[in-house]
Amino acid sequence: MTHVIDDLDARGLIAHSTDLDALRDEMDAGPLTYYVGFDPTAPSLHVGNLLQILTARRLQLAGHRPLLLVGGSTGLIGDPKQSGERVMNSKETVAEWVDRIRGQVSRFVSFEGDNAAVLVNNLDWTQSLSTVDFLRDIGKHFPVNRMLARDVVASRLESGISYTEFSYVLLQAMDYLELHRRHGCALQTGGSDQWGNITAGVELVRRADGDRVHALATPLITKADGTKFGKTESGTIWLDPALMSPYAFYQSWIQAEDAKVGEYLKQFTFLPVDEVDRVMAEHAERPGARAAQRLLASELTTLVHGEDETRAAELASQALFGRGDLGELPASTLEAALREAGGVELDEAPTVVDALVAAGLADSKSAARRAVTEGGAYVNNERVEDPELSLAGHGVGDSGWVVLRKGKRSVSGVRLP
RNA sequence: GGCAGGUUGCCCGAGUGGCCAAAGGGAUCUGACUGUAAAUCAGACGGCUUCGCCUUCAGAGGUUCGAAUCCUCUACCUGCCA
């Protein structure tokens, strides 16, 4: 049986760590309580957060006990980021997001057994905390000169940083101390962008209670060109189906780059590392088959949206990207596929340009017209030349649905009256 | 408080009265090649009732036949001096 630390390492999930041998010894001595936190900065978690949840799940599967923290108070303050001061959200909004995120996070860990997960909210120990106590008990352990030296803070000194954001690290460090005292928490995990906050917590626990606790950080997930994965121009890859359909979610994985698909399989799925290696060996033989991408998309969509949604997304993808004749698809399959892909019903037969806009494939009529002019617009897989062509009578079979495609991989549709 | 400079399209950044919807780069999109991959090459890249028209160069007002470019005020930012 592979040690969970070796497994994490083999998957490329350890970017930074405190003393790994000491951590290993503690893990071997018995179940370890650890925590990972999520700040409610949006109504849903995204793939970056997913990596953290999955890492937490791996540790739980190895017998350790997860504390999942939702930042009801830290979400009100805002972690300082390079680009500048965050917009502060209202307390009502943050409270609503806390609820939604709590629900999302809960689906990935087990609440059964000896090492059942526990949900915690840092609002519980901050809302009644007095300012004076906070400054005496927590603030005293934070030398400002060292806080100023932190990378994010240093980079913000020119552009400006509010006292609110400057103080963020104290709250997160205090979370670790509280969880250490309340639950015996001895490990915090998170993304590498959180490393500074995490180690601040480790240090606070040492200073305040004299205990040595641990930290692990996962690397930033990137695309082949080095930019951040999951935040494309077209938007963030969300976990909430209301923000990103399961079909779109599936598609964003199936488009993974060859150079990265192996890493993603190791980092985002529970497939054993040697099985991933085997799949990648096959993929190297026949990359055109895209077997690795299909596996990745299928595994992830199942994890996040379940088997039924995965099946629907797969069928839709096969129907819309298959080589076959659209007319040979059962009408129900075509309809389901186009609805999955974001197709819309219209009151009257539109022109190609209007249909592209209505189906969400173009931002404006100019953009739609441009797509046609550039030879990038297709109706039922046939390239169209005339932007003003009416789609009346172009429905596939008797379905009334017209398949629209822009470029290579953006497919949608409209249903004629 | 005084002096000087700055604010340009998604981002960076040219442009000091007409040739400016505005150079160049990045991002993005499309085509060719392919495999819903990458790289490469080419094109596009404010909007619309698209061979023309409309709205943009921090905001408001003004000069002029004509302004992103000149003047006035306002807001914000940056240096230098107090």
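All values derive from a computational prediction rather than experimental measurement. Values below: all heavy atoms of this structure, side chains included; hydrogens, waters and symmetry mates excluded. Each chain gets a letter, A, B and so on, in the order its sequence line appears, and its residues count up from 1.
- For RNA chain B, the neighbouring residues in residues 379-391 of chain A, judged by any heavy atom under 4.0 Å, are A:R383.
- Pairing partner, B:rA44: B:rU28, with both Watson-Crick or wobble hydrogen-bond distances short of 3.5 Å.
- When both pairing distances are held under 3.5 Å, B:rU55 makes no Watson-Crick or G-U pair with any nucleotide shown.
- Distance noted for atom C1' between B:rC11 and B:rA37: 27 Å (whole Å).
- Here the side chain of A:Y176 pairs a donor or acceptor atom with the backbone of A:L187 at under 3.5 angstrom.
- Taking every heavy atom of residues 361-368 of chain A and every atom of RNA chain B, pairs under 4.0 Å involve A:S364, A:K365, A:S366, by number.
- Ranking B:rU36, B:rG35, B:rU30 by closeness to the A:S410 side chain, first place goes to B:rU30.
- Taking atom P on both B:rU7 and B:rU69, the two are 11 Å apart, rounded to the nearest angstrom.
- In this structure, the side chain of A:H283 does not engage the main chain of A:A281 through any donor-acceptor pair within 3.5 Å.
- Comparing the same atom, C1', in B:rA68 and in B:rU56 gives a spacing of 10 Å after rounding to whole Å.
- Between the side chains of A:S73 and A:Q127, no donor N or O sits under 3.5 Å from an acceptor N or O.
- Taking atom NZ of A:K223 as the reference point, atom P of B:rA37 lies 13 Å away to the nearest angstrom.
- Atom CG in A:D225 sits roughly 12 Å away from atom C1' in B:rA39 (whole-Å rounding).
- One C1' atom belongs to B:rU28, the other to B:rG62, and the distance between them is 40 Å to the nearest Å.
- Nucleotide B:rU78 has B:rA4 as its partner under the Watson-Crick or G-U criteria, with both atom distances under 3.5 Å.
- Note: CZ (A:F229) to P (B:rA38) measures 13 Å, nearest angstrom.
- Salt bridge A:E307/A:R311: absent, no basic N to carboxylate O contact under 4.0 Å.
- The pairing partner recorded for B:rC20 is none, the criterion being a Watson-Crick or G-U wobble arrangement whose two distances lie under 3.5 angstrom.
- To the nearest whole angstrom, the two C1' atoms, one in B:rC57 and one in B:rA67, are 11 Å apart.
- The same atom, C1', is picked in B:rA27 and in B:rC45; the two are 11 Å apart, to the nearest Å.
- The residue A:E257 sits close only to the backbone: its heavy atoms come under 4.0 Å of sugar-phosphate atoms, none of a base.
- Taking only distance into account, the side chain of A:E374 never meets the base of B:rU30 through a donor-acceptor pair shorter than 3.5 Å.
- Both distances falling under 3.5 Å, in either a Watson-Crick or a G-U wobble arrangement, occur for no nucleotide opposite B:rU36.
- In this structure, A:G288 reaches the bases: a heavy-atom distance under 4.0 Å links it to at least one base atom across the strands shown.
- In this structure, the ring of A:F229 has its center less than 6.0 angstrom from the ring center of A:W253.
- When the P atom is used for both B:rC33 and B:rG26, the distance is 24 Å, rounded to whole Å.
- At B:rC29, none of the side-chain N or O atoms of A:R409 fall inside 4.0 Å of OP1 or OP2 (strictly under the cut-off).
- Taken residue by residue, residues 292-320 of chain A places heavy atoms nearer than 4.0 Å to RNA chain B at A:Q293, A:S317.
- Across B:rG47 and B:rC65, the matching P atoms stand 34 Å from one another, rounded to whole Å.
- Between A:Q104 and A:S44, the side chains place a donor N or O and an acceptor N or O closer than 3.5 Å (distance only, hydrogens not considered).
- Base pairing annotation: B:rU50 forms no Watson-Crick or G-U wobble pair, as no partner gives both donor-acceptor distances under 3.5 Å.
- The residue among A:Y250 and A:R370 whose nearest nucleotide of RNA chain B is located toward the 5' end is A:Y250.
- Between A:T74 and A:D39, the side chains place a donor N or O and an acceptor N or O closer than 3.5 Å (distance only, hydrogens not considered).
- In this structure, the CG atom of A:D354 is 11 Å from the P atom of B:rU50, given to the nearest Å.
- Remark: C1' of B:rU36 and CZ of A:R405 are 10 Å apart, rounded to the nearest angstrom.
- Backbone-only engagement by A:K406 is indicated by non-hydrogen atom pairs under 4.0 Å involving sugar-phosphate atoms exclusively.
- Counting to the nearest Å, the P atom of B:rA38 and the CG atom of A:D258 are 8 Å from each other.
- The backbone N or O of A:V202 lies less than 3.5 Å from no partner atom in the side chain of A:T199, so there is not a single donor-acceptor pair.
- A perpendicular orientation is assigned to the rings of A:Y264 and A:F268, their planes being inclined by more than 60° (bins at 30° and 60°).
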Would A:R58 and A:F270 count as a side chain to side chain contact (heavy atoms under 4.5 Å, CB included) here? Give the steps.
CA-CA 8 Å; A:R58 291 181 208 284; A:F270 290 100; 3.7 Å; yes
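- Between the side chains of A:K260 and A:T222, at least one donor N or O sits under 3.5 Å from an acceptor N or O.
- Between A:S317 and A:Q251, the side chains place a donor N or O and an acceptor N or O closer than 3.5 Å (distance only, hydrogens not considered).
- The CD-C1' distance, from A:E340 to B:rU36, rounds to 17 Å in whole Å.
- Using a 4.0 Å cut-off between charged side-chain N and carboxylate O, A:E282 and A:R278 make a salt bridge.
- Within the structure, every side-chain polar atom (N or O) of A:Y378 is placed at least 4.0 Å from both OP1 and OP2 of B:rU36.
- With A:Y378 as the aromatic partner, A:R405 meets the cation-pi criteria of under 6.0 angstrom to the ring centre and within 45 degrees of the ring axis.
- Of the two residues near RNA chain B, A:R369 and A:K408, the one whose nearest nucleotide lies more 5' is A:K408.
- Across all strands shown, nothing is found opposite B:rG66 as a Watson-Crick or G-U wobble partner with both distances under 3.5 Å.
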